[in-house]
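Structure record follows, encoded as structure tokens.
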2 protein chains.
Amino acid sequence: MGRLNADDWARAALGALAEGGLRAVAVEAVAARLGVSKGSFYWHFANRRALVEAALRLWESDTEAVIAELERIADPTRRLRTLLEVALGEPTDAAVSFWLISGADDPAVADVARRVTDRRMGVMKDALRQLGQSEEEARARVVAGYGSYLGVAALIRIGAVDSVPATFADQALAEMGVPVEGFGAS
Amino acid sequence: MGRLNADDWARAALGALAEGGLRAVAVEAVAARLGVSKGSFYWHFANRRALVEAALRLWESDTEAVIAELERIADPTRRLRTLLEVALGEPTDAAVSFWLISGADDPAVADVARRVTDRRMGVMKDALRQLGQSEEEARARVVAGYGSYLGVAALIRIGAVDSVPATFADQALAEMGVPVEGFGAS
DNA sequence: GAAGAACCATACGCCACCGTATGGAAGAAT
DNA sequence: ATTCTTCCATACGGTGGCGTATGGTTCTTC
């Protein structure tokens, strides 16, 4: 692993965050993960808080990159489906979202969690509006849909659900009022 | 508040758990909440772990009591609706569920979280089956529905949603395939 | 190859929280 | 009123994690 820079630490911190939550973003723990002592850490960062914030920035920019890709898809139905498939194929992300929400007593954490959430839900809402739904309808369905995404990730975590059901994407689309063949609502 | 017994401590611990998570179930903190020093605590409990487990038992039995009430409602649609209204009217419960899932690295916590989750989802699934849904369909919809419950609570926590939408109960029922007047799916 | 900069290890002090030890106050029993 | 039990306060030791101090090693630059 050679010498390290601040980005290496931020990546490692984000990894620790995904696995064990904010509590796992501990100086010595991340240092061990990098095969290094904390003497190294305090060269690159002023304190633990700065490391957490770096990891948060990294996560937010990752999300922003995914959205930028998504917005190149013109068809809203296909955009939503791609969004779901990307999200479900990256179980790490739901875990991070989950941990950040549970660490929302820290204002900096809550801010990022909220910004990212708003951004994602905004993208979803726009797609539903493009499909002809009213503002209120779209908002309500996005809340339920994105909430379901977070909640199911939580259920998987405790083993109450083996894995995300195969029909989840279709089901989610149907529940958001998006016409899907073979899964007509009700 | 006079003298205290173990139940008083368990209740206070459950309150702290709902507000600040497992981390907040700290001996000195709960003692302060009761206006007492930790010298009292170690009279009633062997250690912090015992307190956490007492709070968990309390929560599980509270859940069990609600379910016992619910099962006296014969009509599955009304039973489901009552369940939703009770759940949404008790924002504390979703918070506890959330904290316990995020503390699932502790096996004892994970066990309770999982048992309670299974129990609740079982009740919901039974109702849907009574309404004629197949096993797989009912299961998938309960996962999405209960997941949505947990997720929306999380969204509220970070302020991404002001409060649970007024139509949430109707919406949830509709999404679970329960016929609801004025909210026909799609 | 010497000097400076970049990077890292070790050792220490500090604080929060857990658990223990010990004595004291309040209630019950006689 | 005294004794026993129940309940609680205070004081202390132990541990884990954060941050600092200080010195060492590797890379760069001239």
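Values below: all heavy atoms of this structure, side chains included; hydrogens, waters and symmetry mates excluded. Quick caveat: nothing in here was measured; it's all calculated off a predicted structure. Lettering of chains follows the sequences in order, A, B, ..., and the numbering in each one begins at 1.
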Query - R114(A)/D118(A) ion pair, N-O < 4.0 Å - result: yes
Report task. Name all pairs fulfilling the ring pair (Phe, Tyr, Trp, His ring centres under 6.0 Å) condition that reach into residues 112-152 of chain A, sequence neighbours left out, sorted by first residue then second. Result -> Y146(A)-Y149(A)
Report task. Using a strict 4.0 Å threshold on nitrogen-to-oxygen distance, state whether D126(B) and R79(B) make a salt bridge. Result -> no
Report task. Using atom CZ of F45(B) as one end and atom P of dC7(D) as the other, report the distance to the nearest whole Å. Result -> 12 Å
Query raised in the report: Under 6.0 Å from the CG atom of D162(A), do we count more than 12 heavy atoms belonging to anything else shown?
Result: no
**Report entry** Interatomic distance, N47(A) CG vs dC18(D) C1' [rounded to whole Å]
**Finding:** 9 Å
Report task. Run the salt-bridge test on R119(A) and E60(A) with the 4.0 Å N-O cut-off and return the result as yes or no. Result -> no
Requested in this report: Could you encode protein contacts along nucleotides 3-17 of chain C as a string, one character per nucleotide from 5' to 3', using B for base contact, S for sugar-phosphate-only contact and - for no contact, with a heavy-atom cut-off of under 4.0 Å?
Outcome: ---BBBBBB-----S
